[in-house]
Novice: 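Please see the structure below; I have some questions.
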Amino acid sequence: MSLMFNGIGVSRGVAVGDAYLLRRNQIDVTSRSLSKKSVPAEVRRYKRALKAARVQLLTARDNIPQDAPSDVSAFIETHILMLDDGVLSQRPVEIIKAELINAEAALQQQREELIKVFGSMEDVYLATRIDDVNHVIDSVLRALDDGAEHVVGSEHWKGQIIVADDLTPADTVTMQHHGVAGFITETGGQLSHTAILARSLGIPAIVGIPNIRRYVKSGETLTLDGHLGMVLAEPTDDMLADVKRQQKETRLRQRELGKLLDTEAVTIDGVKLTLSANIDIEEDLKALKRVNADGVGLYRTEFLYMNRDTVPTEQEHFKVYTKVLRALKGDMLTIRTADLGADKQMDGAVNMRVRPLAHNPAMGLRGIRLCLSDPTLFLPQLRAIFRASARGPIRLLLPMLTNLAEVDQCLKLIEQVKQTLRDENVDFDEKVPVGAMIEVPAAAIAAEQFAQRLDFLSIGTNDLIQYTLAIDRIDDQVNYLYDPLHPAVLTLIKNTIDAGQKSGIPVAMCGEMAGDSRYVRLLLGLGLTDFSMPPNLILETKHTLISCRRSTLKKQVNALLNASTPVEQRAQLDKINASASDN
Ligand code: PEP
Ligand code: MG
């Protein structure tokens, strides 16, 4: 029987594939065949892992405080006994030898056996001991994996739909390398970084389907509609045929849009538009070339800090930036300095610098606050950006600015970096424009003062909406409150665009709203001409905007801003979107 689930569609496109159930930090237990020759080494590896897991338990036992209840050490003793028992110390070894498979797969097979045995026990207490068994087996699997606490890539993911509780941006990138067909997560929101990444990678994705892993099994066929936010498990042949038809339509639409590649981005009444790309990782550069983007409007450098335990060195930053510049062949590269923290949690070294239990990380030490608090994190990146500026046009973009003191502090550090480079006789562009992300309401309200000190502004609607409406962008429970049309949001956007015009500096938008076909006409009517978005949305946006007349949109948008109810406002938006092509 087919089952249907609804969630929040965060990355368009339809996908069909087998489900691959995964938990973040879950250890990969993919089965690998062994040659007879490699069996002794695999058995030794398994025994080493048992030993390591045992040492860990003994250490835990030895560190139990004196005054802890005696149950605590009894609990750990039980786990040590389980490790020593033949069911875990011997049986997996026999399976490795008999079936010529790797230790992880053998242990997993044994786990399934034990689950069956415990599951059939009538004694409720004994039946619940399966949790202990799972815990002990997990610790051995972790030891086999050398203690790594991350999602381990697997070639078996190719063409599969990953179903997880949650995924970090790092997981998403790893999976993309393995050719997954789509993602479904139990938690997460429209603007979580994982969702943004999935959109930018063009992987259909849905978030916010609580407990889906209880109802779907690994290997079961799933279809996923990333626009409607709908998942079908065990679809019928008719349903599958429908998905295939949609995939074909998408391909045809892409081909149609491809004809706009060399069309100039200019409205009917001659307003010249800039349609640039948001890039996160190197892969995005290929996509950017395919759509002929006007350079990069937002390079999220946080990804340089991912999947590693150390902070990238100046030279590493420099190498990556020069590589991106080479690919851009003279087009502008807007590098945003590291916006780490909150939903862009990275691994080891960087996270260590942020208090681990910040109650509200989105309002904590993130973005520019983290960088200003620790120049050893910030200065190598600034130096690398300026050194790279000798190789191609660069703009420097500062994230999460809230007040002018931060702006001044940044400008001072930038001047310091430039002076050191001058002293060292290192080439760089003296005129690298420095801009601010306007993504905190305070900055949007005070946009004019920001504009007077800086060379450009870029509106980050993802955070601006989060902070204006007090909704956590990664929390699916409050996603329904996410509303780019909220009068407060529109007022802040307008205020920022007007401030730029008044001060004579460019204002771009690089939040997701800038590539959302429902809002781009409205933004044009508000005076925005510089849109930056995931590369795969550029041609669609061009298609929409070149058929508009800005002068007409301006009037219609004024009517929308004056609407007194949300219903009236929506009706006005529909009018804007419906009439644009015949303006
Ligand atoms: C934004 O906040 O709109 C933005 C572009 O930055 P990020 O999504 O990386 O926080
Ligand atoms: Mg942001």
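In listed order, ligands and their atoms are each counted from 1.
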Novice: Would you name the heavy atoms of Ala514 and Phe531 that are closest together and state the gap between them?
Specialist: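 Between these two residues, the closest heavy atoms are O-CD2, 3.5 Å.
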Novice: Regarding Arg336 and the six-membered ring of Tyr299, is the cationic atom NZ or CZ under 6.0 Å from the ring centre and inside 45° of its axis?
Specialist: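 Geometry flag: not set, cation outside 6.0 Å or 45°.
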Novice: Relative to the heavy atoms of Glu439, which atoms of ligand 1 are at a distance of less than 4.0 Å?
Specialist: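 The atoms of ligand 1 under 4.0 Å from a heavy atom of Glu439 are 1 (C), 2 (O), 6 (O).
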Novice: Measure from the Mg ion (ligand 2) to every N/O/S atom of Asp463 and report the name of the nearest one.
Specialist: OD2
Novice: Before giving the answer on side chain to side chain donor-acceptor pair (under 3.5 Å), spell out for Thr185 and Asp166 the whole-Å C-alpha distance, their side-chain angles and the decisive distance to 0.1 Å.
Specialist: CA-CA 5 Å; Thr185 62; Asp166 192 11; 5.0 Å; no
Novice: Could you tell me which atoms of ligand 1, counted from 1 in the order shown, lie closer than 4.0 angstrom to a heavy atom of Ile196?
Specialist: 8 (O)
Novice: Would you mind running through ligand 1 and noting each atom that sits below 4.0 Å from a heavy atom of Leu298?
Specialist: 5 (C)
Novice: What atoms in ligand 1 come closer than 4.0 Å to a heavy atom of Met437?
Specialist: 4 (C), 5 (C), 6 (O)
Novice: Any salt bridge between Arg366 and Asp339, counting N to O under 4.0 Å?
Specialist: yes
Novice: Which heavy-atom pair separates Arg453 from Leu411 by the least distance, and what is that distance?
Specialist: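 Minimum heavy-atom separation between Arg453 and Leu411: O-CD1, 4.0 Å.
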Novice: Among the heavy atoms of Arg473, does any lie under 4.0 Å from an atom of ligand 1?
Specialist: yes
Novice: Just to check, does Arg336 reach to within less than 4.0 Å of ligand 1 when the distance is taken from its heavy atoms?
Specialist: yes
Novice: Using a 4.0 Å cutoff against the non-hydrogen atoms of Cys510, which atoms of ligand 1 qualify?
Specialist: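 Contacts of ligand 1 toward Cys510, numbered from 1: 5 (C).
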Novice: When you check the gap from the basic side-chain N to the acidic O, do Arg570 and Asp574 get nearer than 4.0 Å?
Specialist: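 Result for this pair is no, no salt bridge flagged.
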Novice: With the Mg ion (ligand 2) as the reference point, give the N/O/S atom of Glu439 that is nearest.
Specialist: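 So the atom name we want here is OE1.
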Novice: Using a heavy-atom cut-off of under 4.0 Å, does the side chain or the backbone of Arg300 touch ligand 1, or both, or neither?
Specialist: side chain
Novice: Can you tell whether the side chains of Arg387 and Asp429 come within less than 4.0 Å, N to carboxylate O?
Specialist: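 Between Asp429 and Arg387 there is no salt bridge, as every charged N stays at least 4.0 Å from the carboxylate O atoms.
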